[in-house]
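What follows is one structure encoded as structure tokens, with my remarks underneath.
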There are 2 protein chains.
Amino acid sequence: MKVGFIGLGIMGTPMAGHLLDAGHTLYVHDIKPVAAELTAKGAIPCPSGAEVAAASEVVITMVPDTPHVAAALFGENGVAAGLGAGKIVVDMSSISPIETKEFAARINALGSDYLDAPVSGGEVGAKAASLTIMVGGPQAAFDTVKPLFDKMGKNVTLVGGNGDGQTTKVANQIIVALTIEAVAEALLFASKAGADPAKVRQALMGGFASSRILEVHGERMINRNFTPGFRIELHQKDLNLALNGAKALNLSLPHTASCQQLFNACAAQGGAQWDHSGLLKALELMANHEVKAV
Amino acid sequence: MKVGFIGLGIMGTPMAGHLLDAGHTLYVHDIKPVAAELTAKGAIPCPSGAEVAAASEVVITMVPDTPHVAAALFGENGVAAGLGAGKIVVDMSSISPIETKEFAARINALGSDYLDAPVSGGEVGAKAASLTIMVGGPQAAFDTVKPLFDKMGKNVTLVGGNGDGQTTKVANQIIVALTIEAVAEALLFASKAGADPAKVRQALMGGFASSRILEVHGERMINRNFTPGFRIELHQKDLNLALNGAKALNLSLPHTASCQQLFNACAAQGGAQWDHSGLLKALELMANHEVKAV
């Protein structure tokens, strides 16, 4: 298939690489020079998103945030300028569900389909082609693009219409952040009360308190391993999507709001690059106590 | 073994029944008449905790809250009055970790050992003998009582010294409440943004957002099944232990505090008897929106 790929950063480069490995023809564009590992595999650099779109059947965008998608699609010489009818735009960035619906409507008005298909799994998942991909858009477009998704990820779900993929990603990031906070409060309570947090975590695994976060991030907290993983500054961006969405939708998300403040407190300590399990440190600061083995 | 059992309510009655079934001699006491199902199995009612303690090697208490344990152990004609040296007091109630350490010291001063051994699993777990039992106290006392625990529960863990069992139970209840809140915010966001919460939940299972709470309580929220389960008023009591502990330990638990306020808001709607997943309804009220299938 002739595939366009715009945004070849730490996520996009390995994802595009998997599509090249599968034999697809890739037209690529980025504001930075495209990695040699992609051109060596035959990726064809294009000077603009418009030229990528003109050459491709499916155009994938993988950029940092909502304004970057807006620029890539609708900026000067962007995708929309070269798209025409009968194509599919697939935004795999993690951006606003609400603006996604507007982007989809504008692409539909040009006669092409739109899929929002954000991922979770990070750089590790991108390299291993094990990303979780949460998709919103029409079934037929999903079916066409599914073979491409399957080269980049493992759990690929069509959740609903346009925006629902991004909504699901935001929901995921809300739960992950708030569960990290829950585990942090519990382990800090246990530690400050004099118990061994490692034994407490062990006793809680298998019951109703069990979660992937207690397993993975609970262990990180106990081992004080705050090397990312997933960086706090990225989770701040994702909770910002949740909170802007809550504002737009007239929705109160009290713990999401509070969690963002705790991430901000980490950033104030120089922790924007910590793994998000480092949220524990904001609570530790307030308690004047570090979680540690007894 | 000669076992005393004080507190024969909806939890204590089936737990005592399992010990009778296993052939132990049970001396029992409650402020209410003891259930016929226990006396029919040979349980021996005693007029006071002191007489239970005098007759037994191991004395179990299973009462609602910290003041009830204080009264059962140290009130007039309580356990301490009949205990003497060389016995083991096992408190299986869910009470304050801090006061537990004081109770243990007072029992130790009489020459007997103390175990705090709160449970999770509720009435269902008590009847099925599948309780999770989190124990604090000396290893030797734990080893002596372990055969009794094994008749009442499945996951039995000695976490550490006295108080650590209660601390672990509080940590469990913090995580459970806050994870329910996390799932509620995420599903409410998804629903108000127009996605199908059932499909969102499905897409999130298996990733980092996955938990027993997303599985069980997430499903309850989607099906609007708020029949307990575990009642909000009981979780309010448990978060009260966490918050009183936080005050005593100089510890800030912002989401535990906020969660308690949301439970209070449920109670204000007549929801003290709802399952704790009904916390969703406090958020729904603020959002003027109910989570529902699309």
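Chain identifiers are assigned alphabetically (A, B, ...) following the order of the sequence lines, protein sequences preceding nucleic acid strands; residue numbering begins at 1 within each chain.
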- Item | Side chain, backbone, both or neither of Leu214(A) within contact of chain B (heavy atoms, under 4.5 Å) | side chain
- Within a reach of under 6.0 Å around NZ of Lys247(A), are more than 12 heavy atoms found that belong to other residues, nucleotides or ligands? no
- Message: Among Gly163(A), Gly161(A), Ala171(A), which residue has the highest count of heavy-atom pairs closer than 4.5 Å to chain B?
- Response: Ala171(A)
- Scanning both residues in full, the closest heavy-atom pair of Val176(A) with Ala209(B) reads CG2-N, 3.9 Å
- Message: So, taking the atom named CZ in Phe208(B) and the one named OG1 in Thr132(A), what distance separates them when rounded to the nearest 0.5 Å?
- Response: 9.5 Å
- Does the side chain of Ile175(A) come within less than 4.5 Å of Val183(B)'s, by heavy atoms? yes
- Does any non-hydrogen side-chain atom of Ser210(B) lie less than 4.5 Å from one of Ile213(A)? no
- Message: I'd like to know whether NZ of Lys237(A) has more than 12 heavy-atom contacts from other residues, nucleotides or ligands below 6.0 angstrom.
- Response: yes
- Message: Under 4.5 Å from any heavy atom of chain B, what part of Lys169(A) do you find: side chain, backbone, both or neither?
- Response: neither
- Message: Please check this pair: side chain of Lys192(B) against backbone of Leu249(A), looking for a donor-acceptor N/O pair closer than 3.5 Å.
- Response: yes
- Message: Quick check: closest heavy atoms across Met286(B) and Ser252(A), and the distance to 0.1 Å?
- Response: SD-OG, 3.9 Å
- Note on the structure: Whatever's closer than 4.5 Å to a heavy atom in chain B on Val216(A) counts as side chain
- Message: Between Val200(B), Leu188(B), Thr157(B), who has the most heavy-atom pairs with chain A when the cutoff is under 4.5 Å?
- Response: Val200(B)
- Query: In this structure, are over 12 heavy atoms from other groups packed under 6.0 Å from Gln202(A) atom CD?
  - Reply: no
- Heavy-atom neighbours of Lys127(A) NZ exceed 12 at 6.0 Å: no
- Item | Any Asn250(A) side-chain heavy atom under 4.5 Å of Asn288(B) side chain | no
- Message: Would you compute the distance between atom NZ of Lys199(A) and atom OG1 of Thr167(B) and round it to the nearest 0.5 angstrom?
- Response: 13.5 Å
- Task: Look at Gly160(B), Ala203(B), Pro97(B) and state which one has the largest set of heavy-atom pairs under 4.5 Å with chain A.
- Result: Ala203(B)
- Query: Are Glu181(A) and His255(B) close enough that a side-chain donor and a side-chain acceptor fall under 3.5 Å?
  - Reply: yes
- Query: Who among Ala195(B), Ala246(B), Ala198(B), Gly121(B) has the most heavy-atom pairs with chain A under 4.5 Å?
  - Reply: Ala195(B)
- Query: Going through the checks in order, is the side-chain contact (heavy atoms from CB on, under 4.5 Å) test met by Leu204(B) and Thr168(A)?
  - Reply: CA-CA 8 Å; Leu204(B) 298 185; Thr168(A) 303; 3.8 Å; yes
- Assert top hit (heavy-atom pairs under 4.5 Å, partner chain B, pool Ala186(A), Ala184(A), Ala177(A)) equals Ala186(A)
- Note on the structure: Separation between CG (Leu283(A)) and CG (Leu253(B)), nearest 0.5 Å, reads 8.0 Å
- Task: Look up atom CZ in Phe189(A) and atom CD1 in Ile174(B), then write down how far apart they are to the nearest 0.5 Å.
- Result: 5.5 Å
- Any donor and acceptor pair, going by atom type alone, linking the side chain of Glu185(A) with main-chain N or O of Thr256(B) inside 3.5 Å? yes
- Can you say whether Asn172(A) sits under 4.5 Å from chain B via the side chain, the backbone, both, or neither, judging by heavy atoms? both
- Check each atom of His217(A) against the heavy atoms of chain B and say whether the ones under 4.5 Å are side chain, backbone, both or neither. side chain
